Undergrad: 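Once you've had a glance at the structure underneath, I'll fire off some questions.
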Number of protein chains: 2
Amino acid sequence: MAQSDPLYQRIASELREQIRTGTIKAGDRLPTEVELRDQYDVSRNTVRLALAMLQNEGMISSVQGKGTIVREQIMLTYHAAWAESRDRNASDQTDAFYAEMKAQGRTGEYRDFEMRIKSASPHLAARLGVEEGDSLVSRAISRYADGEPFSLQDSYYPMDIAQACGLLTPHDVPGGVIRAMAKKGHEEIGYVDELTTRMPTPDEARKLGGLGSGTPVLVYVRTTYSDARPLRLTLTIFAGDRNRVVYEIGDLQAYVPAENGASK
Amino acid sequence: MAQSDPLYQRIASELREQIRTGTIKAGDRLPTEVELRDQYDVSRNTVRLALAMLQNEGMISSVQGKGTIVREQIMLTYHAAWAESRDRNASDQTDAFYAEMKAQGRTGEYRDFEMRIKSASPHLAARLGVEEGDSLVSRAISRYADGEPFSLQDSYYPMDIAQACGLLTPHDVPGGVIRAMAKKGHEEIGYVDELTTRMPTPDEARKLGGLGSGTPVLVYVRTTYSDARPLRLTLTIFAGDRNRVVYEIGDLQAYVPAENGASK
DNA sequence: TAGTGGTCTAGACCACCAC
DNA sequence: TGGTGGTCTAGACCACTAT
């Protein structure tokens, strides 16, 4: 960062460098705003501009009354290619989630189950092959790992399938939804996954445990198909700083999964 | 947003609502900061706090001297499941990218090709099955669509493979890298894709055409394997507001691709 | 030149937390 | 109670764009 840059960017650069090189480690407290103000001989607002920059990069987070700390990153892995596959024991998404958590040495749970009837948005209607405004059954949960929220999931089903398969209940389906649908002749034989990223809405940030302003979400949409029609659309919002989606495809006899890993 | 919220959050909420409902449309100019200051009877700094909030959500972007506008979203789709598959005409990543762009009615190009020798970071070493610090060949490009930068790509190859396959050249490999490797007995028969999201580094933001501070990147890592070993690791940084990664897997005879679509 | 957003100051008071 | 970050004011000057 050149010397002619704005003051606040120069301050941000120096702090960023100290974090990158480990002079200030993850979990450590930064100097207070007043200390930085004196240290750089600027106004407190200028210090706050610098800190806002780092916050928007997801590097630090501030708590009123306590201070500003360098954020730590823990990563969970979501194996998309087999998470819901039919030849595993996992009977539905929830079971698959438990299995993933256990395999990664964490405790998984979900909360706030909700069943609702919703009107199909253009986006949903196009993917589920129904008319805009048609009724859809939505079954939503929040997933937690080690007591912390990690992702929000909302599955949409065409009304006729939901009725035939007993999905109009405000609780878990015994044996899992996928199995229940298969029994009624709606077997999932293919899927299309769409992955995007964006900043969370204030509502999503709240549900995901107060995401810092520098934390994006990973938006994951899976639409599944039988041989005749779309069966289900599952929208998952992952907290971007804590999740990784993985696809393992093809012949992987030479693949040795490394259990760990930062984001880059 | 309750009335007891901070002023700047209340201003942000009202503007957000006006954008959401279409009172202010994509591409439109927002009122100037001075107008908002008078309208809400607050200081200009408070207005700027509100605008910063919306900027961090990716909803608006400001340009010095011009004004503040509501951002438009165009979405490109990257078909990960077949983008590099062997039974398509695409001979390497670059060709595959052209084909995708053409299919979506856009012009694709790439710039700033670079070949470098780099030392393996722990992250790269683990995935490519080499020792930390070993030499790797890096071949990087920036991808543009309709003249705008969309993604940065960097492929890493173990030195012995790069030498055997003629990858130590500062230009394209005729027929494509994947084909060149296959000819020398290094055929890609499986791959592992990892997808994460985070905020861009200042350097990435610059290379991607000055990403707004509310735009995350989609980090896409593909590691490919032969029957014996890892062959290649390709790291792609997508501008998050302009790209979508799609996997089409299984039997999809009932799938009718919808060519369009917003992010949610 | 007039108007826009970008940077910066020097204060003030408040809400929250640890002691 | 003292210190932290959170909010807010009322200015100033600068850099850039349009006309």
Side-chain angles (χ1 to χ4, degrees), chain A residues 1-15 24 27-71 202 205-206 210-214, chain B residues 1-15 19 24 27-71 202 205-206 209-214:
Chain A
M1 206 61 85
Q3 212 151 8
S4 66
D5 279 330
L7 272 176
Y8 76 96
Q9 286 181 24
R10 212 172 134 239
I11 297 171
S13 286
E14 294 198 9
L15 291 172
I24 311 177
D28 283 0
R29 276 188 52 176
L30 260 62
T32 68
E33 295 183 352
V34 172
E35 284 168 357
L36 289 169
R37 181 197 64 189
D38 297 340
Q39 182 181 330
Y40 287 99
D41 195 28
V42 295
S43 79
R44 195 177 144 222
N45 268 355
T46 301
V47 169
R48 284 181 65 78
L49 279 178
L51 295 180
M53 213 180 167
L54 297 181
Q55 228 173 75
N56 292 335
E57 290 165 21
M59 302 192 72
I60 64 174
S61 78
S62 301
V63 180
Q64 198 175 55
K66 296 185 71 170
T68 302
I69 60 161
V70 178
R71 281 167 56 178
R206 186 180 48 75
L211 287 186
S213 77
Chain B
M1 205 64 83
Q3 213 152 8
S4 66
D5 278 330
L7 272 174
Y8 77 95
Q9 285 181 24
R10 214 174 130 239
I11 296 170
S13 287
E14 294 196 10
L15 291 173
I19 293 169
I24 311 177
D28 283 0
R29 276 187 54 176
L30 260 62
T32 69
E33 295 182 352
V34 172
E35 284 168 357
L36 289 170
R37 181 197 64 188
D38 297 340
Q39 181 179 333
Y40 288 99
D41 195 28
V42 295
S43 80
R44 196 179 144 220
N45 268 357
T46 301
V47 168
R48 283 181 66 79
L49 279 179
L51 295 179
M53 213 179 165
L54 298 181
Q55 227 173 78
N56 292 335
E57 290 166 19
M59 302 192 72
I60 64 173
S61 77
S62 301
V63 180
Q64 197 175 55
K66 296 186 72 170
T68 303
I69 60 161
V70 178
R71 280 167 56 177
R206 185 180 49 75
L211 288 185
S213 77

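Remember, predicted model here, so these are calculated numbers, not experimental data. Computed from heavy atoms alone, side chains included, the values below leave out hydrogens, waters and symmetry copies. The sequence lines fix the lettering, A, B, ..., with proteins before strands; numbering per chain opens at 1.
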Undergrad: Just by modelled atom types, is the T32(B) backbone N or O under 3.5 Å from a matching donor or acceptor in the E35(B) side chain?
TA: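 At least one qualifying donor-acceptor pair exists.
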Undergrad: Would you call L15(B) and L51(B) a side-chain contact if the rule is heavy atoms closer than 4.5 Å?
TA: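 Yes - at least one pair of side-chain heavy atoms lies under 4.5 Å apart.
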Undergrad: Roughly how far apart are L49(B) CG and Q9(B) CD, rounded to 0.5 Å?
TA: 9.5 Å
Undergrad: Going from CD1 on I19(B) to CG on L30(B), what distance comes out if it is rounded to the nearest 0.5 angstrom?
TA: 5.5 Å
Undergrad: Please identify the 5'-most and 3'-most nucleotides of DNA chain D with any atom under 4.0 angstrom from a heavy atom of chain B.
TA: dT7(D) to dA18(D)
Undergrad: When rounded to the nearest 0.5 angstrom, what is the spacing between CZ in R48(B) and CD1 in I11(B)?
TA: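 Spacing of CZ (R48(B)) from CD1 (I11(B)) equals 13.5 Å.
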Undergrad: How would you label the contact of L7(A) with the nucleic acid (heavy atoms, under 4.0 Å): base, sugar-phosphate, or nothing?
TA: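 Counting heavy atoms under 4.0 Å across all strands, the contact made by L7(A) is with sugar-phosphate only.
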Undergrad: Between R10(B) and Y40(B), does the side chain to side chain contact (heavy atoms under 4.5 Å, CB included) criterion hold? Intermediate values first, please.
TA: CA-CA 10 Å; R10(B) 214 174 130 239; Y40(B) 288 99; 5.9 Å; no
Undergrad: Between G67(A) and N45(A), which has a closest nucleotide on DNA chain D that is more 5'?
TA: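 Taking each residue's closest nucleotide, the earlier one in sequence belongs to G67(A).
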Undergrad: Within this structure, what is the OG-CE distance for the pair S13(B) and M53(B), rounded to the nearest 0.5 Å?
TA: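 One gets 6.5 Å once the value is rounded to the nearest 0.5 Å.
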Undergrad: Enter the distance from I60(A):CD1 to T68(A):OG1 here, rounded to the nearest 0.5 Å.
TA: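 The distance works out to 5.5 Å.
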Undergrad: State, with a plain yes or no, whether a side-chain heavy atom of E33(A) is found less than 4.5 Å away from one of L36(A).
TA: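 Of all side-chain heavy-atom pairs linking L36(A) with E33(A), none is under 4.5 Å.
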Undergrad: Mind grabbing the angle between the end helix axes of the helix from dT1(C)-dA18(D) to dA18(C)-dT1(D)? Five pairs an end, 10° rounding.
TA: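 The end-segment axes of the helix from dT1(C)-dA18(D) to dA18(C)-dT1(D) are tilted 10° relative to each other.
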Undergrad: How would you label the contact of L49(B) with the nucleic acid (heavy atoms, under 4.0 Å): base, sugar-phosphate, or nothing?
TA: nothing
Undergrad: Nearest-Å distance, NZ (K66(A)) to C1' (dC17(C))?
TA: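 In whole Å, dC17(C) C1' lies 8 Å from K66(A) NZ.
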Undergrad: I need the residues from residues 28-43 of chain B with at least one non-hydrogen atom less than 4.0 Å from DNA chain C; give them sorted by number, or say none.
TA: R29(B), T32(B), E33(B)
Undergrad: Just verifying a value: how many Å separate Q39(B) CD and E14(B) CD, rounded to the nearest 0.5 Å?
TA: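 Spacing of CD (Q39(B)) from CD (E14(B)) equals 8.0 Å.
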